[in-house]
Amino acid sequence: MALYSEKVMDHFRNPRNVGVIEDADGVGEVGNAKCGDIMKIYLKIENDTIADVKFETFGCGSAIASSSMATEMIKGKPLSQALELTNKAVAEALDGLPAHKLHCSVLAEEAIKNAILDYYKRNGLPFDPSLEQACAHCEEE
């Protein structure tokens, strides 16, 4: 059995939505000190919907593939739906990740939540306090 699925390899070799949004409405950055992966997600929001999303990831193939897949899964979606994205959904969309690489899908989920929280804070918009608690955990790692 191959270590990585064809979808992981495709998103690693041909990542979608790579880059920076200079005038982003929300930016989320997370990292994992144990493995060295760092993800940064940029959001452009129009009418409470993710109009554009870009990412920069410094890390392994699984981290790049997770970032790419996660951005594809939230692009064009309302913020409320993007907040429901889970690391499990990202891993499943990639047809699985090896157990020792599941943290990459967790980072993708956390980076998106951080970017949305940043958007809410920049614009003085109300948000569920549990989002801030979840994102505080992201920054501790």
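When reading the values below, keep in mind they use all heavy atoms of this one structure, side chains included, and skip hydrogens, waters and symmetry mates.
In this structure, S68 contributes its side chain and I64 its backbone to no donor-acceptor pair below 3.5 Å. Within the 3.5 Å criterion, the main-chain N or O of L94 finds a donor-acceptor partner in the side chain of S5.
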- Determine, step by step, whether S130 and D128 satisfy the side-chain hydrogen bond (donor to acceptor under 3.5 Å, both in side chains) criterion, reporting the C-alpha distance in whole Å, the side-chain angles of both residues, the deciding distance to 0.1 Å, and the verdict. CA-CA 5 Å; S130 66; D128 185 330; 2.9 Å; yes

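At least one side-chain heavy atom of L97 sits under 4.5 Å from a side-chain heavy atom of V8. With a 4.5 Å cut-off on side-chain heavy atoms, F55 and P15 count as touching. No side-chain heavy atom of E46 sits under 4.5 Å from any side-chain heavy atom of D25. Using a 4.5 Å heavy-atom threshold, the side chains of P126 and Y120 count as separate. Between N114 and V30, some side-chain heavy-atom pair lies under the 4.5 Å cut-off. Put simply, the side chain of R16 reaches to within 4.5 Å of the side chain of H11, judged on heavy atoms.
K113 has no carboxylate O lying under 4.0 Å from a charged side-chain N of D118, or vice versa, which leaves the two without a salt bridge.
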Please list, one pair per line, the donor and acceptor atoms closer than 3.5 Å that link side chains of residues 76-90 to other protein atoms, with sequence neighbours excluded.
from: T86; atom 1: OG1; to: A89; atom 2: N; distance (Å): 3.0

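Surrounding CZ of F127 are more than 12 heavy atoms belonging to other residues, nucleotides or ligands, all under 6.0 Å away. Annotation for R122: atom CZ counts as buried by contact number, over 12 foreign heavy atoms lying within 6.0 Å.
Side chains of Y42 and E56: a donor-acceptor N/O pair is present below 3.5 angstrom, by distance only.
Applying the side-chain contact (heavy atoms from CB on, under 4.5 Å) criterion to K75, with sequence neighbours excluded, gives N17, D52, V53.
The line from CG of D37 to SG of C60 is 4.5 Å long, rounded to the nearest 0.5 Å. Atoms OG and CE, on S62 and M9 in that order, are 9.5 Å from each other to the nearest 0.5 Å.
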